[in-house]
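Below: one structure, written as structure tokens.
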There are 2 protein chains.
Amino acid sequence: MKKVIKKKPKSRGSLADIRKDNLYQILTSAEQVFAERGYRGTTVAAIAEAVGLPKANILYYFKTKEGLYKAVINQLLKLWMSHMNEMSADSHPNEALPKYISNKIRQSKEHPNASRIFAAEVLHGAHYLRDSLQAELKDQFDQTCQVFDAWVEKEWMDPINSEHLLFMLWSTTQAYADHGLQISILMGKEHLDEDDFEKGIKLLTQVTLKGCGIKPL
Amino acid sequence: MKKVIKKKPKSRGSLADIRKDNLYQILTSAEQVFAERGYRGTTVAAIAEAVGLPKANILYYFKTKEGLYKAVINQLLKLWMSHMNEMSADSHPNEALPKYISNKIRQSKEHPNASRIFAAEVLHGAHYLRDSLQAELKDQFDQTCQVFDAWVEKEWMDPINSEHLLFMLWSTTQAYADHGLQISILMGKEHLDEDDFEKGIKLLTQVTLKGCGIKPL
DNA sequence: GTCTATAAGCTGATAGAC
DNA sequence: GTCTATCAGCTTATAGAC
């Protein structure tokens, strides 16, 4: 409830270093708190406490709560899209798809907050993300669908609906972040462990490859 | 911004009827608003406006905002679980699985708000749903996993991890509610139409059945 | 750059007239 | 049962001393 520790590690640092360091720490803590409580449920005071700075200091670096939130989600979209362009028309699906599934699930493990904030955004109308979705993400989406269609054309996989296949890949892999709590509760665990993520990767790869008629390596 | 219409259709109704009718309308409108804005983003005033009643009237029927929210999510869990017990050990997967997938996606179409509120709950810690998840849902989950294992035992499907298969079914079918906005944006549409849901059902059924090695009918 | 104190506005909840 | 008026508390954001 109360700030326990106020840290002042400003030794050695120039002003620019302090600024950079503070910005980084604020963004990191804000990501955490926004993911846990959602935009409206998050108070600037809670972020300040997580960082270990007074409230006014947060608003010194980011003029408004909304500005801080936008800064956070702009980082996230890049991260979220980062593995998609690894799938290209000349890569073979029996290699590219397992790699994509594995990368996305590992991302759900390493950066669950990115996925969660993103999911909450979409769930509640994507007010701050709509433009980015229509621009950057739509581009990536169309390109990846064309890759799938090319794979079908070459008879490397069964005729499938490329758009819905991509929706399937997204929802199944993100589930390990967005529904991670539900999954761990149903498995009777406190947290998902490495073994759970590996089993998820294995099942999704198995079902997806065989389900799309892709011959294994 | 302002209440446009104040409706008073209390003609003919007894007091009990009025009460029942108001309770129903409040719960319905509240579900809508909670789904759109989340728990913290929802104000009692917004619900009141949606129903067409003064704010104090909402709080007359439901003592607190939290109480109203709990009433809403308790309805949802029942709805959310409603199709799972249609899969039994003696039903054959080539019939039961397509039916389940179809039912769940149709539910995402007919009752997207149920799925969205549920998703937001889990996303932000399941504070109001945790007990129900550990009790009722866990029971259903374990039973359904046993059904899957029985199917594997009878060699009606490939050896698969039953737990993660169920997570896959949930996330893919719910996506048409939870990520519906994202999907429609990427497809360049205002809303998903019947054709989109049918294509989703077709792809998921195709990939899941073949991916699990289930012989078609 | 840092931080305390405070202003300004919103929100859940209640009192009390009808 | 219905509804207006209002209170008490919280939250964002700013002013201004250091």
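Protein chains get the first letters and strands the later ones, always in sequence-line order, with residue 1 at the start of each. What you are looking at is a predicted structure, and each value in this text was computed from that prediction instead of being measured. Any value given below was found using the heavy atoms of this structure, including those in side chains, with hydrogens, waters and symmetry copies removed.
Between the OH atom of B:Tyr69 and the P atom of C:dG12 there is a distance of 14 Å, rounded to whole Å. Separating the CZ atom of A:Phe62 from the C1' atom of D:dT12 is a distance of 16 Å, rounded to the nearest angstrom. Rounding to whole angstrom units, CD of residue B:Gln25 and C1' of D:dG1 are separated by 16 Å. Atom CG in B:Asp17 sits about 11 Å away from atom P in D:dG1, given to the nearest Å. Rounded to whole Å, the distance from CG on A:Leu53 to P on C:dC3 is 7 Å. Rounded to whole Å, atom P of D:dT12 lies 10 Å from atom CZ of A:Arg40. Distance, A:Glu66 CD to D:dT11 C1': 15 Å, rounded to whole Å. Whole-Å rounding puts the B:Glu49 CD to D:dC3 C1' distance at 16 Å.
Between A:Lys55 and C:dT2, a side-chain N or O to OP1/OP2 separation shorter than 4.0 Å is absent. The phosphate of D:dA13 has neither OP1 nor OP2 within less than 4.0 Å of any side-chain N or O from A:Tyr60. Residue B:Asn57 places no side-chain N or O under 4.0 Å from the OP1 or OP2 atom of D:dT4.
Each of B:Lys202, B:Lys109, B:Lys189 was compared with B:Asp196 under the salt bridge (charged side-chain N to carboxylate O under 4.0 Å, His left out) criterion, and only B:Lys189 meets it.
Remark: side-chain polar atoms of B:Ser171 are paired, donor with acceptor, to backbone N or O of B:Met168 under 3.5 angstrom.
The two residues B:Ser184 and B:Glu190 have their closest heavy-atom pair at OG-O, 4.0 Å. Here the closest non-hydrogen pair linking A:Tyr100 and A:His83 is CD1-O, 3.5 Å.
Taking the six-membered ring where the residue is Trp, A:Tyr69 and A:Tyr39 present tilted rings, their angle falling between 30° and 60°.
When each of C:dG12, C:dT2, D:dG1 is scored by its nearest atom to the side-chain atoms of B:Lys65, the top-ranked nucleotide is C:dG12. Of the candidate nucleotides C:dT14, D:dT12, D:dC3, C:dT14 has the atom lying nearest to any side-chain atom of B:Leu59. When each of C:dC3, C:dT14, D:dC3 is scored by its nearest atom to the side-chain atoms of B:Lys63, the top-ranked nucleotide is C:dT14. Closest to the side chain of A:Ala56, from the set C:dG12, D:dT14, D:dT4, is D:dT14.
Where B:Arg19 and A:Thr43 each meet DNA chain D at their nearest nucleotide, the meeting point lying more 5' is that of B:Arg19.
A:Tyr61 comes within 4.0 angstrom of the backbone, heavy atoms only, and of no base.
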